[in-house]
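Just so you know, these numbers come straight off a predicted model, no measurement behind them.
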Amino acid sequence: MTAVISEDRQSQAAAGELRIRDALESDLPAIIEIYNATVPTRIVTAELEPTTVEARLPWFREHSPNQYPFWAAESDGQVIGWLDFKKFLPRSAYRGTAEISIYVHEKFRRQGVARRLLEKAIARAPLLGIDAIVGLIFGHNQPSLKLFERHGFERWGLLPRIAQLDGNKRDLVIMGRHLPAH
């Protein structure tokens with residue numbers, strides 16, 4: 001699930017000091033804290049309960065800097081956001097397509113962090129052999145949808161009322177973008 005909440009067009013001071021790097025296993029507690037903070041909002045993730053570092057360790061280890069990277073956005077030594085690439089579908093024909101997810105710590109939203117992560121993903125994807133990126137975004141997550149649209153993503157699909165969040169049925173929008181070949 002792609003998750004960006006309240007991203008603004010303006011890049012403020014924190015985003016200027018932003019460093020994007022490969023995530024380390026030692027970053028996982030901060031990554032999980034950022035993720036778990038979104039669970040109760042029912043806006044960005046289909047998870048209904050918080051997770052643990054131990055539960056997400058196998059997921060983290062599936063990533064590779066040269067195929068499906070996992071990046072941490074860091075400011076003043078603190079992980080304030082993250083982006084990960086993952087297989088879109090397991091069949092070989094989809095090898096050139098990746099799904100991305102973006103999460104930003106609530107204190108650092110609207111500061112250009114998600115924008116910078118997304119821009120790096122778009123630039124780096126062709127070097128990874130990826131020629132299409134998709135994001136799966138809830139239809140009621142307007143900030144994420146707008147961010148992706150501003151970066152050339154189009155609505156490639158709609159799965160109406162597919163998610164059930166606290167008795168509310170929610171749409172899932174598939175946002176996609178083709179990238180130039182490397």
Side-chain angles (χ1 to χ4, degrees), residues 1-86 98-125 127-128 130 133-138 140-153 173 175 177:
M1 178 71 55
T2 301
V4 180
I5 301 178
S6 303
E7 190 63 24
D8 208 71
R9 290 181 192 205
Q10 298 178 356
S11 177
Q12 297 172 357
E17 302 163 8
L18 187 70
R19 177 177 171 234
I20 299 173
R21 58 170 175 76
D22 289 329
L24 306 171
E25 209 168 282
S26 60
D27 296 324
L28 204 48
I31 289 165
I32 297 306
E33 180 184 340
I34 291 166
Y35 181 80
N36 281 342
T38 68
V39 172
T41 70
R42 303 298 195 247
I43 296 172
V44 296
T45 179
E47 290 293 339
L48 301 176
E49 299 294 329
T51 190
T52 64
V53 170
E54 296 75 24
R56 296 302 280 186
L57 195 54
W59 158 78
F60 181 81
R61 290 179 175 163
E62 291 173 1
H63 294 83
S64 160
N66 299 319
Q67 190 171 22
Y68 295 104
F70 196 123
W71 298 326
E74 181 181 77
S75 180
D76 294 327
Q78 177 186 358
V79 174
I80 62 169
W82 55 270
L83 178 145
D84 77 319
F85 286 79
K86 57 189 142 299
E99 179 189 342
I100 60 171
S101 295
I102 305 170
Y103 287 79
V104 176
H105 190 287
E106 61 190 339
K107 292 181 183 175
F108 295 92
R109 294 183 190 139
R110 296 185 176 152
Q111 296 181 29
V113 177
R115 176 186 54 79
R116 298 250 321 257
L117 284 162
L118 184 56
E119 288 170 353
K120 180 173 179 166
I122 291 166
R124 180 80 192 276
L127 302 172
L128 300 167
I130 296 168
I133 298 175
V134 297
L136 306 179
I137 304 171
F138 284 137
H140 63 288
N141 184 348
Q142 289 300 310
S144 292
L145 292 170
K146 288 177 184 175
L147 173 70
F148 275 64
E149 287 170 357
R150 284 194 306 264
H151 285 83
F153 285 75
V173 177
M175 298 294 290
R177 176 179 169 165

Q) Do other residues, nucleotides or ligands put more than 12 heavy atoms under 6.0 Å from the NZ atom of K146? A) no

**Q.** Inter-residue atom distance L83.CG - R124.CZ, 0.5 Å rounding
**A.** 11.5 Å

Q | Sidechain-backbone polar pair: R115 side chain, L147 backbone, donor-acceptor under 3.5 Å | A | no

Q: Could you tell me the separation between the CD1 atom of I133 and the NE2 atom of H151, rounded to the nearest 0.5 Å?
A: 11.0 Å

Q) Going by heavy atoms in the side chains, are T51 and N36 under 4.5 Å from each other? A) yes

Q.
For the CG atom of D22 and the NE2 atom of H63, what is their distance to the nearest 0.5 Å?
A. 11.0 Å

Q.
How close do I34 and G81 get, counting heavy atoms only, and between which atoms?
A. CD1-N, 3.7 Å

**Q.** Residue from F70, F108, W71 passing ring pair (Phe, Tyr, Trp, His ring centres under 6.0 Å) with W82
**A.** F70

**Q.** Side-chain donor/acceptor of R56 to backbone N/O of L28, under 3.5 Å
**A.** no

Q) Should T38 and E106 count as side-chain neighbours, where that means a heavy-atom distance under 4.5 Å? A) no

Q. What pair of heavy atoms forms the shortest contact from A125 to F85, and how long is it?
A. CB-CE2, 4.2 Å

**Q.** Side chain to side chain, F60 and E25, heavy atoms closer than 4.5 Å
**A.** yes

Q | Nearest atoms (heavy-atom pairs only) where A37 meets P40 | A | O-CD, 3.6 Å

Q: Could you go through the salt bridge (Lys or Arg N to Asp or Glu O under 4.0 Å) check for E62 and K86 one step at a time?
A: CA-CA 8 Å; E62 291 173 1; K86 57 189 142 299; over 6 Å; no

Q) Looking only at heavy atoms, what is the nearest atom pair of V79 and R21, with distance? A) CG2-NH2, 3.9 Å

Q) Rounded to the nearest 0.5 Å, how far apart are CZ of R19 and CD1 of I80? A) 12.5 Å

Q) Side chains of L117 and I20: does their closest heavy-atom pair fall under 4.5 Å? A) yes

Q.
Minimum heavy-atom separation for V53 and P29, please, with both atom names.
A. CG2-CA, 3.7 Å

Q: Starting at CD1 of I122, measure out to CD1 of I130 and round the result to the nearest 0.5 Å.
A: 12.0 Å

**Q.** Minimum heavy-atom distance I137-M175, with the two atoms named
**A.** CD1-CG, 3.8 Å

Q | Nearest-0.5 Å distance, NE2 of residue H105 to CD1 of residue I31 | A | 12.5 Å

Q. What is the ring orientation for H140 with F138, classed by angle as parallel under 30°, tilted 30 to 60°, or perpendicular over 60°?
A. parallel

